[in-house]
Amino acid sequence: MLNHKYDRDIPSAEITRESDYLSRRRFLKNLSIGAAGAAFLAACRSSGVTQPALDATPGSTPAAAYTGGQRDELGRAITSEQSITTFNNYYEFSTNKDGIGELSRNLVTSPWQVEVGGLVHQPRTFDVDELIRLFPPEERIYRMRCVEGWSMIIPWQGFQLSKLIDAVEPMTSARYIHFVALHDPVQMPGQESDYFPWPYEEGLRLDEARNELTLLSTGLYGRPLSPQNGAPIRLVVPWKYGYKSIKAIVKIEFREEQPATFWNTIAPDEYGFYSNVNPAVDHPRWSQNTERIIGQPVRIATLPFNGYGDQVRSLYEGMDLKENH
Ligand code: MTE
């Protein structure tokens, strides 16, 4: 994502008519992801979209359940598991996108604890296995749009972050959540570089974190997350650029002040705190107008809020989204 040797060119191709991708827009209009994703499932069923079991715990839905026919609510087919697990951004291991699987193969992801604290009444350190028991994972097929101009459609397993937020009872003074990833240069060779401000950290406003779309993911394609995809637990915020979805979380802290974020610290003009997908605001090096879905030959128009505007637009009422990019 940096402005030098790390960049990889995204081949450009002709733009597919947006209408081709919006033919299922009617579906989105009716989409309302309710508690535990029940409404989401119902909407999928009514639209004829086949979903694997929603209540599967990671590993219990065989990958064979994913026949390739699954689509998101816009009708976009899920990206192959092969692409999702071999084309990665994970700077703790490498600035290259391929080979992260091999480099991260031996990362110890169990046992794994997540410390949840700060401005909450019930601070607590959870084991990831305990989180999965408390909040059984459900299926969410989400688009993921990287600021570099590529995207994927990913069948995640995870639970709504709002459930964990409720469990620790935030104080009224809590306005933001700060997420911190593992810092362990012995296991993560990329952290030997002091070019980057380790550990990787991210942040959300509390109301964004409570939004029904915001997920803590523990699996994808019916298997527990692989190290390269953020095992054992990562954030997924589908209306924001992919870099907000921090992997390998070890700490979640509630704060009054807006937290620092990894990319905003590196290049504040390029990466804002909000980082909502916005085709109207270009990154200095990448137009955000179009994107290429990995595995597909053409570029398509990028949708505001990555197509999730109905669910999240109200969070930003009255805000200048250019200034607050
Ligand atoms: N989380 C950590 N800890 N370290 C990273 O380098 N990269 C981010 C995000 N989360 C990153 C991270 C970026 S830039 C993207 S696009 C997504 O992870 C990529 O997720 P994926 O590799 O599962 O596709």
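Heavy atoms only: backbone and side chains are in, while hydrogens, waters and symmetry mates are out. Every value quoted in this text rests on a predicted model; they were computed, and no experiment measured them. For reference, positions follow the sequence shown, starting with 1. Counting starts at 1 for both ligands and their atoms, in listed order.
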Counting both backbone and side chain atoms, is some N or O of Y243 under 3.5 Å from an N or O of ligand 1? no
Could you identify the single nearest non-hydrogen protein atom to atom 23 (O) of ligand 1 and state the distance to 0.1 Å? R234 NH1, 2.7 Å
Between F196, Y200, W150, flag the one that comes closest to atom 8 (C) of ligand 1 by a heavy atom. Y200
Which atom names give the shortest non-hydrogen contact between A181 and I246, and what distance separates them? N-CD1, 3.7 Å
For atom 14 (S) of ligand 1, grab the closest protein heavy atom and report residue, atom and distance to one decimal in Å. M1 SD, 3.1 Å
F126 and L134: which non-hydrogen atoms are nearest, and at how many Å? CE2-CD1, 3.9 Å
Is the distance between the ring centroids of Y271 and W263 under 6.0 Å? yes
For a salt bridge (charged side-chain N to carboxylate O under 4.0 Å, His left out) check, start with the C-alpha distance between K240 and E208, then their side-chain angles and the critical distance, and finish with the verdict. CA-CA 10 Å; K240 295 177 179 282; E208 297 178 310; 2.7 Å; yes
Could you tell me whether ligand 1 has any atom less than 4.0 Å away from a heavy atom of K244? no
The atoms of ligand 1 lying under 4.0 Å from a heavy atom of N88, numbered in the order shown, are 21 (P), 22 (O), 23 (O)
Run the salt bridge (charged side-chain N to carboxylate O under 4.0 Å, His left out) check on E148 and K97 step by step: do they pass? CA-CA 12 Å; E148 296 162 336; K97 288 182 168 47; 3.1 Å; yes
Distance-only N or O hit between ligand 1 and W263, under 3.5 Å: no
For A181, counting its heavy atoms only, list the atoms of ligand 1 lying under 4.0 Å from any of them. 3 (N)
Ligand-side contact atoms (ligand 1) for residue partner C146, heavy atom cut-off under 4.0 Å: 16 (S)
Test side-chain contact (heavy atoms from CB on, under 4.5 Å) applied to V312 and N276, L213, T214, the passing residue: L213
What pair of heavy atoms forms the shortest contact from M171 to V120, and how long is it? CE-O, 3.4 Å
Any side-chain heavy atom of E212 sitting closer than 4.5 Å to one from S162? no
Does F93 belong to the same Ile/Leu/Val/Met/Phe/Trp/Tyr cluster as V186, with side-chain heavy atoms less than 4.5 Å apart forming each link? no
Just distances here: any N/O of W156 and N/O of ligand 1 closer than 3.5 Å? no
What atoms of ligand 1 come closer than 4.0 angstrom to any heavy atom of Y91? 5 (C), 6 (O)
What residue and heavy atom of the protein are closest to atom 18 (O) of ligand 1, and at what distance? K247 CE, 3.4 Å
Begin from the C-alpha positions of E102 and R105 and carry the test salt bridge (charged side-chain N to carboxylate O under 4.0 Å, His left out) through to its verdict. CA-CA 5 Å; E102 185 55 30; R105 197 160 50 94; 3.2 Å; yes
Output, in order, the C-alpha distance, side-chain angles, deciding distance and verdict of salt bridge (charged side-chain N to carboxylate O under 4.0 Å, His left out) for E169 and R124. CA-CA 11 Å; E169 299 175 19; R124 198 169 143 194; over 6 Å; no
Which residue holds the protein heavy atom closest to atom 17 (C) of ligand 1, what is that atom called, and what is the gap in Å? G242 O, 3.6 Å
How far is atom 10 (N) of ligand 1 from the closest protein heavy atom, and which atom is that? S245 O, 2.9 Å
Could you find the nearest protein heavy atom to atom 3 (N) of ligand 1 and give me its residue, atom name and distance? E92 OE2, 2.9 Å
What is the closest protein heavy atom to atom 16 (S) of ligand 1, and at what distance does it sit? N89 ND2, 3.5 Å
Show the atoms of ligand 1 that are less than 4.0 angstrom away from any heavy atom in I246. 1 (N), 10 (N)
Closest protein heavy atom (residue, atom, distance) for atom 24 (O) of ligand 1: M144 CE, 3.2 Å
